[in-house]
Amino acid sequence: MFGNHSQKGYTEIAKGIRIKTLVYGKNMLMTEFQMNQGAALPGHAHPHEQTGYLVKGCIKLYIGEQSQMLKQGDSWSIPSDVAHKAEIIEDSVAIEVFQPVREDYLKYVNENDIR
């Protein structure tokens, strides 16, 4: 599977936070998050392991009892079932990979971008 870049197909999942699933396979899924300054990703947990890379911007990420200010080029890993949340300090873009596939994120695929 190949994913072709486009600005179409993003879905707002929280005020100021948009998502698009870029590609997925049998065991993992990759998404892009576009986040506006001042937005917040509410605390949550899920059974999926999650790794991320901050393409641009600045966010404060909370993983369990820890928190860190992250800037462009920084990355993270969130274990399964660990609560996490984020505060968006600057307009930001993040790429995140989930394993296993988040079935609930398949609805965020723009089929025109997948080959």
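Computed from heavy atoms alone, side chains included, the values below leave out hydrogens, waters and symmetry copies.
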Shortest non-hydrogen pair, A40 vs A14, comes out as O-CB, 4.4 Å
Could you tabulate the donor-acceptor pairs under 3.5 Å formed by side-chain atoms of residues 84-92, not counting sequence neighbours?
| unit_1 | atom_1 | unit_2 | atom_2 | d |
| --- | --- | --- | --- | --- |
| H84 | ND1 | H44 | O | 3.4 |
| H84 | ND1 | V82 | O | 2.8 |
| H84 | NE2 | H44 | NE2 | 3.0 |
| H84 | NE2 | H46 | NE2 | 3.4 |
| H84 | NE2 | Q50 | OE1 | 3.2 |
| E87 | OE2 | Y62 | OH | 3.0 |
| D91 | OD1 | Q37 | N | 2.8 |
| S92 | OG | C58 | N | 3.0 |
| S92 | OG | C58 | O | 3.3 |
| S92 | OG | E90 | O | 2.6 |

Would you confirm whether S80, through its side chain, and P47, through its main-chain N or O, come within 3.5 Å as a donor-acceptor pair? yes
Only pairs under 3.5 Å count here: list side-chain donor-acceptor contacts from residues 106-114, not counting sequence neighbours, and write none if there are none.
| unit_1 | atom_1 | unit_2 | atom_2 | d |
| --- | --- | --- | --- | --- |
| N110 | OD1 | N112 | N | 3.3 |
| N110 | ND2 | K8 | O | 3.4 |
| N110 | ND2 | D113 | OD2 | 3.3 |
| D113 | OD1 | S6 | OG | 3.0 |
| D113 | OD2 | S6 | OG | 2.9 |
| D113 | OD2 | K20 | NZ | 2.9 |

One should read off an interatomic distance between T11 OG1 and I17 CD1, to the nearest 0.5 angstrom, of 13.5 Å
Could you walk me through whether W76 and T51 pass the side chain to side chain contact (heavy atoms under 4.5 Å, CB included) test, one step at a time? CA-CA 6 Å; W76 56 91; T51 60; 6.0 Å; no
CZ-CG distance between F33 and L54, expressed to the nearest 0.5 angstrom: 12.5 Å
Does a side-chain heavy-atom distance below 4.5 Å link E49 with P79? no
Inter-residue atom distance I59.CD1 - L41.CG, 0.5 Å rounding: 8.5 Å
Check whether any side-chain heavy atom of M28 lies under 4.5 Å from a side-chain heavy atom of P100, and answer yes or no. no
Linked, directly or transitively: F98 and V55 (ILVMFWY side chains, under 4.5 Å): yes
When rounded to the nearest 0.5 Å, the distance separating CD1 of I78 from CG of L61 is 5.0 Å
Under the side chain to side chain contact (heavy atoms under 4.5 Å, CB included) rule, what do L29 and T21 come out as? Steps first, then yes or no, please. CA-CA 7 Å; L29 174 139; T21 294; 3.8 Å; yes
Under the criterion side chain to side chain contact (heavy atoms under 4.5 Å, CB included), I'd like the reasoning laid out for I95 against L22: C-alpha separation, chi angles, the key distance, then a yes or no. CA-CA 9 Å; I95 300 296; L22 302 174; 3.9 Å; yes
When hydrophobic residues are tied together by side-chain contacts of less than 4.5 Å, even through go-betweens, does Y10 share a cluster with I19? no
R18: which of E12, M35, E32 passes side chain to side chain contact (heavy atoms under 4.5 Å, CB included): E12
The reported gap from OH in Y53 to CD in Q72 (rounded to nearest 0.5 angstrom) is 6.5 Å
So, using side chain to side chain donor-acceptor pair (under 3.5 Å) as the criterion, who are the partners of D74 when residues are at least two apart? none
Decide yes or no on side chain to side chain contact (heavy atoms under 4.5 Å, CB included) for Y24 and M30, but give the supporting numbers first. CA-CA 6 Å; Y24 60 94; M30 184 167 63; over 6 Å; no
